[in-house]
Amino acid sequence: MKITMELNGIKVEKDIPMTWKEVNFKQFLKLAECGDDTGKIISLFTGIEEETLKKAKIYNLSSVISLLGFLKTEMDLTLPEKVLGYPIPKNLEFESIGQFQDLKLEAMTMEKDLKAFEKYPLFVAIYAVNPYDYKKAEELSNEFFNAPSEEVMAVGNFTLMKLAESIANIPPKSPPRNTVMRKFRQVLTA
């Protein structure tokens, strides 16, 4: 959404996001520093310093503040088919031992605070590089800081779940044997 403001007598129009899909991952990481400070949030999205914004006249400020309400909603963490045009596997299976080993190493070195999210673009890049090459993934990871935050978060979260499942040796769920099939086999053998 475009907002109009007056800075030192000059009208300026800036775009601000209205949904999580419009927030890139770099902005998402910086949102944690903003907290609930509306001035800092608008400054982040417009690229105008907070001190300058305090003196600016923002038209329809009430509407702008209410539109930023999406920040208090949950993200849709559905696994995307593509991130920035790079295809992502549907079930995030490890396609090579290199992928698994590198993801495992990166996950083990993650910190226990918000800085852990900074590894998520690398996770996306590891799946996006085909055939897999860690050096190419590392180079590509910076591009994913500009990807939609929902997509990067979805891939990152699913990756960590998949790693936890693989490391803990949790067997894939298989349906319980059907009793009718057992009886049918007994009839065949008789």
Side-chain angles (χ1 to χ4, degrees), residues 1-8 10-92 103 106-107 109-128 137 140-164:
M1 171 188 157
K2 283 201 182 293
I3 63 169
T4 306
M5 59 187 87
E6 197 172 306
L7 301 169
N8 299 326
I10 301 170
K11 281 192 179 181
V12 178
E13 283 190 354
K14 293 285 186 173
D15 281 322
I16 62 166
M18 292 176 23
T19 64
W20 280 115
K21 289 181 186 347
E22 298 171 17
V23 176
N24 68 39
F25 195 68
K26 190 183 303 181
Q27 290 171 328
F28 171 76
L29 292 176
K30 290 182 180 176
L31 274 172
E33 298 168 12
C34 295
D36 285 337
D37 189 333
T38 306
K40 287 181 180 178
I41 293 169
I42 293 174
S43 173
L44 170 67
F45 290 142
T46 61
I48 298 172
E49 291 183 29
E50 187 182 0
E51 289 303 315
T52 307
L53 273 177
K54 286 181 180 179
K55 299 172 189 171
K57 179 180 180 183
I58 301 176
Y59 299 100
N60 295 330
L61 182 59
S62 302
S63 299
V64 171
I65 292 170
S66 67
L67 288 173
L68 290 175
F70 79 89
L71 295 172
K72 296 189 186 318
T73 64
E74 289 184 17
M75 288 183 173
D76 175 21
L77 296 181
T78 305
L79 197 61
E81 291 180 19
K82 291 184 177 189
V83 179
L84 293 181
Y86 294 95
I88 302 296
K90 284 186 179 181
N91 58 1
L92 291 187
L103 284 167
E106 292 297 333
T109 61
M110 286 176 73
E111 298 178 24
K112 301 278 187 220
D113 58 6
L114 291 174
K115 289 194 178 216
F117 291 118
E118 292 176 3
K119 297 253 184 185
Y120 279 29
L122 179 60
F123 293 172
V124 178
I126 286 174
Y127 283 110
L140 184 62
S141 68
N142 288 332
E143 283 186 42
F144 293 109
F145 278 100
N146 296 319
S149 57
E150 282 184 330
E151 295 174 2
V152 176
M153 287 295 294
V155 173
N157 286 344
F158 278 101
T159 299
L160 289 177
M161 287 174 33
K162 190 71 171 171
L163 276 170

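The heavy-atom pair separating Pro17 from Glu22 by the smallest distance is CA-OE1, 3.1 Å. Of all the heavy atoms in Met153 and Leu77, the pair that sits closest is CB-CD2, 3.6 Å. Between Ala154 and Pro80, the shortest heavy-atom contact is CB-CD, 4.1 Å.
Between the side chain of Ser43 and the main chain of Gly39, no donor-acceptor pair closer than 3.5 Å is present. Judged by distance alone, the side chain of Gln27 and the main-chain N or O of Val23 form no donor-acceptor pair under 3.5 Å. Without hydrogens or angle criteria, Glu143 side chain to Leu140 main chain gives no donor-acceptor distance under 3.5 Å. One N or O on the side chain of Trp20 and one on the backbone of Thr73 form a donor-acceptor pair closer than 3.5 Å. For the pair Ser141 (side chain) and Pro121 (backbone), a donor-acceptor distance under 3.5 Å is absent. Of the possible donor and acceptor atoms, one in the side chain of Glu150 sits under 3.5 Å from a partner among the backbone N and O of Asp76. For the pair Thr52 (side chain) and Ile48 (backbone), a donor-acceptor distance under 3.5 Å is absent.
We find the CD1-CD1 distance between Ile58 and Ile16 to be 8.5 Å, quoted to the nearest 0.5 Å. Once rounded to the nearest 0.5 Å, the distance linking NZ of Lys2 with CG of Asp15 reads 4.0 Å. The line from CD1 of Ile126 to CG of Leu103 is 4.0 Å long, rounded to the nearest 0.5 Å.
Between Ile3 and the choices Val64, Leu61, Val12, the side-chain contact (heavy atoms from CB on, under 4.5 Å) rule is met once, by Val64.
Electrostatic pairing of Lys40 and Glu50 does not count as a salt bridge here, judged by no charged N lying under 4.0 Å from a carboxylate O. By the 4.0 Å N-to-carboxylate-O rule, Lys54 lies close enough to Glu51 to be salt-bridged with it.
Within 6.0 Å of NZ in Lys119 there are more than 12 heavy atoms belonging to other residues, nucleotides or ligands. No more than 12 heavy atoms of other residues, nucleotides or ligands lie within 6.0 Å of CG in Asn60, so this atom counts as exposed by the packing criterion.
The side chain to side chain donor-acceptor pair (under 3.5 Å) search around Asn157 returns Tyr120, not counting sequence neighbours.
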